[in-house]
K.L.:
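Take this structure, written in structure tokens, and hold onto it; I'll ask about it next.
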Amino acid sequence: MMQFEELDLNYDVLDALDDMHFTECTPIQEQAIPPLLDGRDLIGVAQTGTGKTAAYLLPVLSQLRDGGFPRDAINCVIMAPTRELAQQIDQAMEGFSYYLDDISSVSVYGGNDGIRYEQEKRALSLGADVVIATPGRLISHLSLGNVDLSRVSFFILDEADRMLDMGFYEDIMQIVSFLPKQRQTIMFSATMPDKIVELAKTILTDPVEVKIALNKPAEGIQQSAYVCYEAQKMRIIEHLFHERKPERVIVFVGKKTHTKDVAITLKRRGYNAEAMHSDLLQAQRDDVMYRFKTGQVDILVATDIVARGIDIDDIQLVINYDVPHDEEDYVHRIGRTARAGRDGRAITLVSEKDQPLFAAIERFLEKEVPKEPVPEELGEAPAYTGRGSASRDSKGRGRGRGRGRGHGRGHGRGKGNGKGSGKDRRHETNNKPDANINQGSNNNPEANNNQGSNNNQGSNNNPEANNKPEANNNPEASKDPGRSKKRRHGHGKKRRNSQGNNGGNEPNAGSPQPTE
């Protein structure tokens, strides 16, 4: 229950927090901000929605306001895997820096026109204090000599595990090669796989580790699952929409190509659906999101990565078309519903090959998710074993050469029942979202990041965005200041509170908590 006032933050930063009615720290903020203010490198493991953006922005802004940094140089670089996350960070930056008139920032991400590109090029050349960028676009500017990173003091990687999943390791290391060796490096990740550990060893120096346990889904979410074959998924969705007219629905899929295909199929079957994926121009993505937020689109089909920019309180239904690969993604997906005290539903379609993934999610939840029966008119469905070995007649168990038609999955040498060709059927899983859908050829989920820009001093391409801190969609900077600018404390560094920190690890239940 540590108060922000107890932290050694600059008074102008505290004024902005006060205007947004942020008084008490979340656990990640309480544990991360003090060592960051002391100049330590840090790796934080925390899921989305814990307040991690504020955990690194507040100490960096406070130190920049205190002074001692060059006025004509880029002082801080923040890397994000997607445009949507870069936009969210930029919006949070606008709120937290509301009284920091002498600190400038620019967002650098793709999908904008040539005018935007020139604006960001100019901002980079003049030395914006804070640069928020996606890897591909920043590499583009570096290769053209538009940006000088030789005097950067703060280097931050947000959602580092996502960046590595998207294949940005080489880009990150190339950007690091342009940075000075003497810098403060901060890395946040939702998970801590070996590749993150290796990256941390490479770019961080004696880092402080802060880990926040993954939260369970909200109690207001009614979770259920259909155990089915891949070709039955679209018909199950039609069955759900026949029972209840779809409104405020998000369908999560595992691949960008599937996003397009599922949305096209839903449209062909008469539903008001749109896809959100990285092949869209930024203006198109903003338009899709605006129409979904305003109720002009009923169903949004999106990947996990693009969906990081979704911050809407009244989502009624979340459908996991594909089972997410880890617990954090599952919690993040279904956490789009039942927000702000509302109830909501989350339905997962579990194919044979995804049963082990869903079993792992159930172990994390420490409960069994109720399984709904597949409608009889859709035919037989596989049994749920949690081992990825279910089949139409439960035969053909074993890892090895399944000789049957659709049988022979699991461990050992499966017998099978149908006419077999002797091939290993384990790698012939039908990943099509619907039996009649043609798949695309691009399997990289989000790797298109040759990107454009957004300057937080000017206008924002997001139709929902507003330059005032109280009017943005960022979960960590969304409260209404409710009054005009003021300088309650004036300039200068805040003295450390004589009473010190209270050392608590849990936020007060009444404190404003992030919703993302």
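Every value quoted in this text rests on a predicted model; they were computed, and no experiment measured them.
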K.L.:
Count the heavy atoms of every other residue, nucleotide or ligand shown that sit under 6.0 Å from CD of Gln222, and state whether that count exceeds 12.
P.N.:
no
K.L.:
Judged by modelled atom types alone, do Glu238 and His242 share a side-chain donor-acceptor pair under 3.5 Å?
P.N.:
no
K.L.:
Under 3.5 Å, is there a donor-acceptor pair between the side chain of Thr50 and the main chain of Ala46?
P.N.:
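No.
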K.L.:
Mark yes or no for whether Asn146, through its side chain, and Lys121, through its backbone, hold a donor-acceptor pair below 3.5 Å.
P.N.:
no
K.L.:
Does Phe154 have any ring pair (Phe, Tyr, Trp, His ring centres under 6.0 Å) partners at least two apart in sequence or in another chain, and if so, which?
P.N.:
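For Phe154 the ring pair (Phe, Tyr, Trp, His ring centres under 6.0 Å) partners, ignoring immediate neighbours, are Phe69.
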K.L.:
Taking side chain to side chain contact (heavy atoms under 4.5 Å, CB included) as the criterion, tell me which of Ile186, Val210, Ile156 meets it with Leu36.
P.N.:
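Single side chain to side chain contact (heavy atoms under 4.5 Å, CB included) partner of Leu36 among Ile186, Val210, Ile156: Ile186.
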K.L.:
Using ring pair (Phe, Tyr, Trp, His ring centres under 6.0 Å) as the criterion, list what pairs up with Tyr271, not counting sequence neighbours.
P.N.:
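Residues passing ring pair (Phe, Tyr, Trp, His ring centres under 6.0 Å) with Tyr271: Phe241.
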K.L.:
With a 4.0 Å cut-off, would you call Lys371 and Glu362 a salt bridge?
P.N.:
yes
K.L.:
Is it the case that the side chains of Glu352 and Tyr384 hold a donor-acceptor pair, with the cut-off being a distance below 3.5 Å and no angle test?
P.N.:
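No, no side-chain donor-acceptor contact under 3.5 Å.
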K.L.:
So, does Thr337 use its side chain to make a donor-acceptor pair with the main chain of Ile315 at under 3.5 Å?
P.N.:
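Yes; at least one donor-acceptor contact below 3.5 Å.
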K.L.:
Quick one: which of Arg285, Gln284, Arg291 gives a side-chain hydrogen bond (donor to acceptor under 3.5 Å, both in side chains) with Asp287?
P.N.:
Arg291
K.L.:
Passes side-chain contact (heavy atoms from CB on, under 4.5 Å), Met234 versus Leu266? Steps please.
P.N.:
CA-CA 8 Å; Met234 187 57 67; Leu266 288 171; 3.8 Å; yes
K.L.:
Okay, side chain of Gln223, backbone of Arg345: is any donor-acceptor separation there less than 3.5 Å?
P.N.:
no
K.L.:
Side chains of Tyr98 and Asp15: is there a donor and an acceptor less than 3.5 Å apart?
P.N.:
no
K.L.:
Does the pair His332 and Glu328 meet the rule for a side-chain hydrogen bond (donor to acceptor under 3.5 Å, both in side chains), with working shown?
P.N.:
CA-CA 6 Å; His332 176 80; Glu328 196 271 342; 5.1 Å; no
K.L.:
Apply ring pair (Phe, Tyr, Trp, His ring centres under 6.0 Å) to Tyr56 and list each qualifying residue two or more places apart in sequence or on a separate chain.
P.N.:
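Testing Tyr56 for ring pair (Phe, Tyr, Trp, His ring centres under 6.0 Å), a comparison that skips the adjacent residues, returns Phe188.
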K.L.:
Check whether Arg65 reaches the backbone of Tyr99 with its side chain - one donor and one acceptor, N or O, closer than 3.5 Å.
P.N.:
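Yes, Arg65 side chain to Tyr99 backbone: donor-acceptor pair under 3.5 Å.
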